[in-house]
Amino acid sequence: MAPSRTERTTRSSNSRAAVTPALYHPPRPGPATMVQDVRDLKEELRRAVEQAVALLGVEEPVEVALQPTPPDRPGDYGTPVAFTLARALRRPPVEIARDLAARVPLPPGVVRAEPVGGYVNFLLEPAHLVRAATEPLRPPPLLGRRVLVEHTSVNPNKELHVGHLRNVALGDALSRILRYAGYEVQVLNYIDDTGRQVAETLFALEHYGLEYDGRTKYDHWVGEAYVRLHREMEDPAARAKLEEGVRAVLHRLESGQLRGEVERILRAQLQTMWRLGAEYDALVWESDLVREGLLQQALALLEHTPYVQRPQEGRYAGALVMDTSPFVEGLEDPYLVLVRSDGTATYPAKDIAFQFWKMGLLQGLGFRAFTRQPSGRVLYTSHPEGDRSARFGGCEETINVIDVTQSYPQRVVRAALAVAGRPDLAEGAYHLAYETVTLEGRRISGRRGHTVSVDEVLDEACRRARQVVAEKNPDHPDPDAAAQAVGIGAVRFAMVKTEPRRQIDFRWEQALSFDGDSGPYVQYAHARAASLLRRAQDAGLQDEEPDLTQVTEFERPVARALLDFPEAVRAAAAQRTPHVLAQYLLELAAVWNAYYNARNPDGSSATPVLQAPPGLRGTRLSLVRQVREVLRTGLELLGVPAPEVM
RNA sequence: GCGCCCGUAGCUCAGAGGACAGAGCGUUGGCCUCCGGAGCCAAAGGCCGCAGGUUCGAAUCCUGCCGGGCGCGCCA
């Protein structure tokens, strides 16, 4: 039982608070007409409330929280600060709220401040909201921080399955989000080419004398050999007999002799990753880490610390072990073996070396171009003959996207940084520990055939999407492309819409759902906006000037939802989870769909765009344009295609 | 046993101390003379696992318990 690092994961409890970076820049004050972001608007309100609080004679600074009002309450944003003040002022909150509302200076665009049961709510002028909401989207400024994201890291010995799917979807989306949020991001895919799993697979090919006939995808084909070998190894006697052969392959792998064989499997797997829309900056081969001496260097850094010992007797005699008890609680035996008594390194030791390199504690890997990816972006790979000028690694922050079952080794990796004298780097090392994916409630097991491949899932998703396209949009100019976008979008969205720490059970109906809380729901909202804008273009209306004086109450919720986008991205980046952004997009799509369908009491459309009076039409077009922009940008950050027509 | 994570509507999930707890699926009933019905509107449905505690205020923080998942290999 040795699942690849991808299919195991956890979130360690202690990491979030410690490593969440300061992503919040102080908001820049500016004239109300320049508001681009609800933060500015909220910040103005906050300052106004602070002034009012001071007028009430409160000396100490108080925290002024500002939150959106519930849908059925008056106003757009409100503060419960009167509750906080009640004790100090020895007066009921309702009275305080009334006084605050009466004294608060209203920033431009704010119609009124109103006490509502202890809260002070602010009502904004719809024109002001719409103007702010339709400012062109601008990505946040560069932060000048580098973060390295490792994800996928599938053992190169079989095809990807649905457990890997979650890893790729999470890691790729998070990388995109961090890049947009202003980080300089390196995306790495770790190739465990000296592991037992690859050795077994390559041994199986020899052992059974198999010849590739080209009929099945190569990674699936070698996977079959692997499964076959494991069936044979269920018998202990047979297993013992095969062991020597496996070990021999392992040695050849370590010396790099079989790199070509591994590469062939890897290239087949990359087809699946690319089909999902994931791309990488570089591949790092485990054998390169070892060959370039990084493992030895890492061990040297640890060897003379009080936590690392080489016992002369007892069960660990002759091995190099690390005492992890100061870093991990609840272990029966806190000693972790780094180097076996036979002199070979364990997986955690190699992982530590990799982590040290990621954070610049070690150098020396060479890189060269490996291949060109579908987008045109070059994929680099570590290589003995590669260029050694440091192009990758050396980041002050890292995110390892690895499932929760590997929490213990991941905590050890983090601890090793502290042991090596760099607690500051340990702070920046984050394990994104997502829960595992089960299949019909049971643990996935590639070995026993209890699994579904990613290729199979995508084929089925696209097949179903193709049917829906034929049915809903028979005149579609390119139904196959649309089906790909929808099918893949559905699958990827399903993988990132929930919290990573929640276990998910893979179910076809759920992962391939095209309505409700789904990727296609958001895609549809986007395509609908795009369609409307195409019609506007055809009618020559694209340049119509908005007349903000005609804004109606219907635009208010759409504008408010649009203004929340930067905050959603920021929160997703800060919390290191794409689900925040996915949930936001569902909300925006819902608000936009509701707006689109709004009816007057007589049943006629309350919010026509193309048929609206001039001026109002311009306003609505600018709002629709922004809806399309935000949905498209948001979907791209999740790695979900945003087709214009579907 | 010890440690970590999870427990919110029939099901799947959002809700990082604040307003009567929100969606989707499913159920029931409406909406295409109108810009895409993969949509919209409405109804029904909830001691937020249980018990204490902190707080003006708790689904959210603390403690204990119950239930589920995972971890604790000279495997990866």
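All values derive from a computational prediction rather than experimental measurement. Each chain gets a letter, A, B and so on, in the order the sequences are listed, and its residues count up from 1. Because only heavy atoms are used, hydrogens play no part in the values below, and waters and symmetry mates are left out as well, while side chains stay in.
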*asked:* Counting primed atoms plus P, OP1 and OP2 as sugar-phosphate and everything else as base, spell out the protein contacts along nucleotides 58-65 of chain B at 4.0 Å heavy-atom distance: B, S or - for each nucleotide, 5' to 3'.
replied: --------

_Under 4.0 Å protein heavy-atom contacts per nucleotide of nucleotides 36-44 of chain B, with B for base, S for backbone only and - for none_ = BSBBSS---

State which of [options] makes the closest approach to the side chain of [X].
| X | options | result |
| --- | --- | --- |
| A:Gln575 | B:A14, B:A16, B:A19 | B:A16 |
| A:Thr607 | B:G71, B:A14, B:C35 | B:C35 |
| A:His579 | B:C13, B:C74, B:A14 | B:A14 |
| A:Val609 | B:C74, B:C35, B:C13 | B:C35 |

Euclidean distance for [atom1], [N] against [M] (whole angstrom):
| N | M | atom1 | answer |
| --- | --- | --- | --- |
| B:A9 | B:C40 | C1' | 22 Å |
| B:G68 | B:G53 | P | 28 Å |
| B:U33 | B:A42 | C1' | 24 Å |
| B:A14 | B:C6 | C1' | 15 Å |
| B:A58 | B:G15 | C1' | 13 Å |
| B:A19 | B:U28 | P | 34 Å |
| B:A43 | B:G22 | P | 13 Å |
| B:G26 | B:C70 | C1' | 31 Å |

*Between A:Glu435 and A:Arg166, is a salt bridge (Lys or Arg N to Asp or Glu O under 4.0 Å) present by the stated rule, with each step listed?*
CA-CA 9 Å; A:Glu435 260 293 351; A:Arg166 191 177 196 185; over 6 Å; no

_Sequence-distant partners of A:Arg502, side chain to side chain contact (heavy atoms under 4.5 Å, CB included), two or more places apart_ =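 Counting only residues at least two positions away or on another chain, A:Arg502 forms a side chain to side chain contact (heavy atoms under 4.5 Å, CB included) with A:Glu499.
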
Just checking [X]: base, sugar-phosphate only, or nothing, at a heavy-atom cut-off of under 4.0 Å?
| X | value |
| --- | --- |
| A:Ser605 | base |
| A:Glu509 | nothing |
| A:Glu332 | base |
| A:Ser604 | nothing |
| A:Leu331 | sugar-phosphate |
| A:Ala317 | base |

Atom pair distance, as rounded to whole Å: [atom1] in [X] and [atom2] in [N]:
| X | N | atom1 | atom2 | value |
| --- | --- | --- | --- | --- |
| A:Leu610 | B:C34 | CG | C1' | 11 Å |
| A:Arg507 | B:C11 | CZ | P | 11 Å |
| A:Glu587 | B:G24 | CD | C1' | 13 Å |
| A:Arg501 | B:G68 | CZ | C1' | 16 Å |
| A:His431 | B:C5 | NE2 | P | 14 Å |
| A:Gln410 | B:C4 | CD | P | 18 Å |
| A:Leu586 | B:U12 | CG | C1' | 13 Å |
| A:Glu435 | B:C5 | CD | P | 12 Å |

Just by distance, with hydrogens left out, do [X] and [Y] show a side-chain donor and acceptor under 3.5 Å apart?
| X | Y | result |
| --- | --- | --- |
| A:Glu555 | A:Thr552 | yes |
| A:Arg620 | A:Tyr595 | yes |
| A:Asn155 | A:Tyr226 | no |
| A:Glu440 | A:His450 | no |

Can a side chain N or O of [X] be found less than 4.0 Å away from OP1 or OP2 on [N]?
| X | N | answer |
| --- | --- | --- |
| A:Arg502 | B:A14 | yes |
| A:Tyr316 | B:C74 | yes |
| A:Arg340 | B:G73 | no |

_As a quick check of understanding, evaluate side-chain hydrogen bond (donor to acceptor under 3.5 Å, both in side chains) for A:Asn400 and A:Gln355, giving each step before the final call._
CA-CA 9 Å; A:Asn400 296 342; A:Gln355 185 68 32; 3.1 Å; yes

*Please examine the side chains of A:Ile96 and A:Phe83, heavy atoms only from C-beta on, and report whether any two atoms are closer than 4.5 Å.*
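No - every pair of side-chain heavy atoms lies 4.5 Å or more apart.
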
*For the pair A:Glu254 and A:Ser287, evaluate side-chain hydrogen bond (donor to acceptor under 3.5 Å, both in side chains) and give the outcome as yes or no after the intermediate values.*
CA-CA 6 Å; A:Glu254 278 164 1; A:Ser287 59; over 6 Å; no

*Using a 90° cut-off around 0 for syn, call B:C32 syn or anti.*
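Chi for B:C32 falls in the syn range.
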
*Can you see which heavy atom on A:Leu250 is nearest to which on A:Thr194, and at what distance?*
CD1-O, 3.5 Å

*From A:Arg628 CZ over to A:Leu623 CG, what is the distance, rounded to the nearest 0.5 angstrom?*
13.0 Å

Acceptor/donor pairs from residues 463-473 of chain A side chains to any protein atom, 3.5 angstrom cut, sequence neighbours excluded:
unit_1	atom_1	unit_2	atom_2	d
A:Arg463	NE	A:Glu460	OE1	3.2
A:Arg463	NH2	A:Glu460	OE1	3.4
A:Arg463	NH2	A:Glu460	OE2	2.9
A:Arg464	NE	A:Glu460	OE2	2.8
A:Arg464	NH2	A:Glu460	OE2	3.4
A:Arg466	NE	A:Asp480	OD1	2.7
A:Asn473	ND2	A:Met646	O	2.6

*Taking the nucleotide of RNA chain B with the closest heavy atom to each, which residue, A:Ala345 or A:Phe83, is nearer the 5' end?*
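The 5'-side residue here is A:Phe83.
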
_Canonical and wobble pairing (Watson-Crick, G-U, under 3.5 Å) of RNA chain B, dot-bracket with |_ = (((((((..((((....[...)))).(((((.......))))).....(((((..]....))))))))))))....

_Under a 3.5 Å distance rule, please check whether A:Lys350 uses its side chain to pair with a backbone N or O of A:Glu286 as donor and acceptor._
no

*Is there any side chain to side chain donor-acceptor pair (under 3.5 Å) pair reaching into residues 522-537 of chain A, and which pairs are they, with sequence neighbours excluded?*
A:Arg528-A:Asn593

